[in-house]
Amino acid sequence: MTEETPLEHERRLKVERIRAEGREPYPWSFVGRITTDQVRARCAGLHAGEEAGDPPVRVAGRIKATRLHGKTAFADLEDREGSVQLLIRADTLGEAEFQSWMRDLDPGDIVGAEGFPAVSKRGEPSVHVRSLALLAKAIAPPPEKYHGLQDVEERLRRRYLDLMSSPETRQLFRARTMLIREMRRYLDAAQFLEVETPILLPVASGAAAEPFVTRSRYLDAELQLRISLELPLKRLLVGGLERVYELGRTFRNEDMDTSHSPEFTELEAYWAYADYHDMRRLIEGLYGHLAERVLELLPESPTAQRGAQGFTPPFATVDFVDELERRSGINDLLSKTPGELRELVRTIGSTVPDRSPPGVFLDKLFEHYVEPHLERLTFVVDHPALTTPLAKRHRSKPGRVERFEMFYRGTELGNAYTELNDPDEQERRFREQLEGQGGDTYAYDADFVRALRHGMPPATGIGVGVDRIIMGLVGAESIKDVLLFPQMRSR
RNA sequence: GGGCCCGUAGCUCAGCCCGGUAGAGCAGGCGGCUCUUAACCGCAAGAUCAGGGGUUCGAAUCCCCUCGGGCCCGCCA
């Protein structure tokens with residue numbers, strides 16, 4: 001129990017007073033309300049000082065500010081659609097009730113009001129209140145009415161305060177939801193089936209990452225939280241579902257920074273009888289679509305304008321090996337031995353466990369020489385086979401796989417390939433991963449190999465970091481800015 | 001893990017450099033005002049200065065440690 005501040009004490013006294021007057025400070029409902037934008041619409045035809053007649057309107061929301069002016073008072077009431085002014089007069093409400101309300105009403109209180117649409121003498125759309133109802137008394141005060149909540153830490157830890165004081169924050173999270181809904185609609189329209197696969201697994205696989213570990217009492221066994229959606233979804237292709245996607249939370253037990261959250265939302269889609277060229281067309285269509293939507297959702301945000309531009313096709317394309325060789329000045333990368341690659345990684349000051357799978361060295365070099373330069377949205381294509389154990393070998397470039405990764409402003413947004421469906425090849429690649437012992441590897445999934453033996457149609461698949469897509473579209477600088485309740489150290 | 005920056009009243013900030021015992025605005029209290037909109041005017045109140053230790057006659061201020069946050073780097077896809 002936290003200690004009561006003097007301010008909270010005053011407000012508790014008000015609650016007691018309200019109860020003593022026989023009123024309920026936390027009633028059950030307020031029926032028949034319309035939203036503040038509808039009230040404003042009702043005020044549209046009125047001149048300053050004019051008031052509409054019957055029927056009265058009912059509005060409900062949070063009190064943002066009060067301006068007491070003797071026997072007239074004004075209060076700004078905010079709901080999900082905006083705000084409207086309440087015009088409260090002693091002669092309309094009754095002297096005693098007016099005095100009682102003026103004594104007990106505070107910013108932050110949730111109230112319902114009934115009255116007539118009116119425009120004040122100064123031209124402000126208002127509700128001329130004939131009765132007021134307290135719907136929830138606020139004991140603790142809202143953030144400062146003009147500056148809002150500025151402290152970054154408080155905004156993240158106590159998102160409710162950020163939301164109640166910042167229309168921009170509310171708009172941003174509304175936009176996030178609408179954009180994710182748009183992703184679903186786009187894939188649904190393309191005949192993809194949304195599915196749900198397990199979050200708790202005996203062994204998390206499908207990516208190289210440290211999993212969170214938990215325990216099942218019933219099974220008396222350790223379980224891991226998924227680190228990717230890939231392998232269950234491909235099993236569904238084996239089962240004949242042909243076009244599937246999942247949009248859900250994925251977990252990686254690693255550090256947090258401006259582009260990594262330990263739990264993040266991932267979208268993965270798998271498409272039978274199509275290859276990575278088809279997937280690229282699909283994803284470009286989706287991005288173009290999202291770019292249009294974000295402009296409608298956040299028309300006043302300059303960062304969203306920039307985001308929309310960034311996500312509008314056409315996009316740049318670079319070949320993984322060509323670009324790495326060009327940027328680094330290193331030739332014949334694919335003919336280097338693992339030892340030589342390790343030395344090259346050392347020269348750039350990156351410390352990777354010596355016995356990592358050799359693909360890790362190539363990734364490191366790419367991260368160092370190329371990624372920081374990928375400002376505009378860029379497709380990086382045809383990676384070395386060593387880096388990618390779940391993709392199919394390239395049909396014409398030896399030593400490569402059919403893969404593309406997307407980068408925007410220096411961070412990876414997503415990753416797609418023509419899927420490997422040869423069960424024996426898959427088994428071999430898993431084993432190669434196991435030979436590298438330092439660092440993370442793709443966990444061997446024997447049942448997945450067994451599934452492939454039953455025949456998976458040729459297919460393409462993609463995984464994208466949804467939070468990062470949202471960041472890019474709205475122009476957020478940190479992943480925490482697009483997560484309602486980001487992970488924080490407890491204090 | 002390393003570097004830099006930040007933490008003062010419920011909220012927004014000043015004071016820190018150059019040590020002298022904390023100052024304002026909002027919100028809240030009391031009083032005034034029948035058209036205000038960051039309403040206004042007057043009065044009074046509100047602070048273990050993130051926590052701990054040190055230096056000093058004296059620490060919000062200087063030094064060290066710890067906690068929390070931000071940014072950069074490293075690590076990690």
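Order of the sequence lines fixes the chain letters, A, B, ..., with proteins taken first and strands second; residue numbering starts at 1 for each chain. Nothing here was measured: the structure is a model prediction, and the numbers come from that model.
Contact annotation: A:R157 reaches the phosphate of B:rG69 (side-chain N/O to OP1 or OP2, under 4.0 Å). Of the side-chain N and O atoms in A:R489, one or more sit less than 4.0 angstrom from OP1 or OP2 of B:rG69.
Look at NZ on A:K480: it is 6 Å from P on B:rG69, rounded to the nearest Å. When the C1' atom of B:rC33 is taken as reference, atom NE2 of A:H69 falls 6 Å away, rounded to whole Å. Here B:rC71 presents its C1' atom at 15 Å from CD of A:E153, a figure rounded to the nearest Å. Rounded to whole Å, atom C1' of B:rA50 lies 12 Å from atom CG of A:D151. Summarising the geometry, the separation between NZ on A:K71 and P on B:rG32 is reported as 9 Å, rounded to the nearest angstrom. Here B:rA77 presents its P atom at 13 Å from CZ of A:R468, a figure rounded to the nearest Å. Protein atom CG of A:L68 is 13 Å distant from nucleotide atom P of B:rU37, rounded to whole Å. Residue A:L161 contributes atom CG, which lies 9 Å from atom C1' of B:rC11 at whole-angstrom precision.
Between A:R252 and A:L156, it is A:L156 whose nearest contact on RNA chain B lies nearer the 5' terminus. RNA chain B is contacted by both A:V119 and A:D257; A:V119 maps to the nucleotide lying nearer its 5′ end (nearest heavy atom per residue).
Going from the P atom of B:rG53 to that of B:rU61 covers 13 Å, rounded to whole Å. B:rU55 and B:rC11: their C1' atoms are spaced 35 Å apart (whole Å). Straight-line distance between the C1' atoms of B:rA9 and B:rG20: roughly 23 Å, to the nearest whole Å. Annotation: B:rU48 and B:rC33 have their C1' atoms spaced 41 Å apart (nearest Å). Between B:rG23 and B:rC16, the two P atoms lie 14 Å apart (nearest whole Å). Here, B:rG29 and B:rC65 have their C1' atoms 42 Å apart, quoted to the whole Å. Taking atom C1' on both B:rA38 and B:rG31, the two are 23 Å apart, rounded to the nearest angstrom. One P atom belongs to B:rG74, the other to B:rU66, and the distance between them is 24 Å to the nearest Å.
Salt-bridge check for A:E95 with A:K71: passed, with a basic side-chain N closer than 4.0 Å to an acidic carboxylate O. Checked for salt-bridge contact, A:E21 and A:R103 meet the test: a charged N lies under 4.0 Å from a carboxylate O. Between A:R159 and A:D162 there is a salt bridge, with a side-chain nitrogen of the basic residue lying less than 4.0 Å from a carboxylate oxygen of the acidic one. With respect to the salt-bridge test (charged N to carboxylate O, under 4.0 angstrom), the residues A:E284 and A:R280 qualify. A salt bridge links A:E246 with A:R226: at least one charged nitrogen is closer than 4.0 Å to a carboxylate oxygen. Ion pairing between A:K480 and A:E153 fails under the 4.0 Å rule for side-chain N and carboxylate O. A salt bridge does not link A:E8 to A:R12: none of the charged side-chain nitrogens sits closer than 4.0 Å to a carboxylate oxygen. We find that A:E425 and A:R429 are joined by a salt bridge, their nearest charged nitrogen and carboxylate oxygen being less than 4.0 Å apart.
B:rA59 is unpaired under the Watson-Crick or G-U wobble criterion, no partner having all donor-acceptor distances under 3.5 Å. Taking a pair to require two hydrogen-bonding distances under 3.5 Å in either a Watson-Crick or a G-U wobble arrangement, B:rG7 pairs with B:rC67. Pair assignment for B:rG1: B:rC73, on the basis of Watson-Crick or G-U wobble contacts that are both within less than 3.5 Å.
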With the sugar-phosphate defined as primed atoms, P, OP1 and OP2, and the base as all remaining atoms, what B/S/- string results for nucleotides 23-31 of chain B, 5' to 3', for protein heavy atoms under 4.0 Å? --BBBSS--
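Note on A:L87: a base of the nucleic acid sits closer than 4.0 angstrom, heavy atoms only. As judged by a 4.0 angstrom heavy-atom cut-off over every strand, A:S490 is placed among residues touching the sugar-phosphate backbone only. Here A:G108 lies out of heavy-atom contact (under 4.0 Å) with every strand. Backbone-only contact: A:T258 has heavy atoms under 4.0 Å from sugar-phosphate atoms and none from a base. Across all strands, A:Q85 comes closer than 4.0 Å to base atoms (heavy-atom distances). Across all strands shown, A:E367 has heavy atoms under 4.0 Å from base atoms, whether or not it also approaches the sugar-phosphate.
The base of B:rU37 is paired with the side chain of A:E124 by a donor and an acceptor separated by under 3.5 Å.
Each of A:K397, A:R400, A:R403 was compared with A:D382 under the side-chain hydrogen bond (donor to acceptor under 3.5 Å, both in side chains) criterion, and only A:K397 meets it.
Of the candidate nucleotides B:rU37, B:rC76, B:rU34, B:rU34 has the atom nearest to the side chain of A:R89. Proximity note for A:E405 (side chain, C-beta onward) versus B:rA77, B:rU37, B:rG70: the nearest is B:rA77.
Closest of all the heavy-atom pairs between A:A476 and A:V482 is CB-CG1, 3.8 Å.
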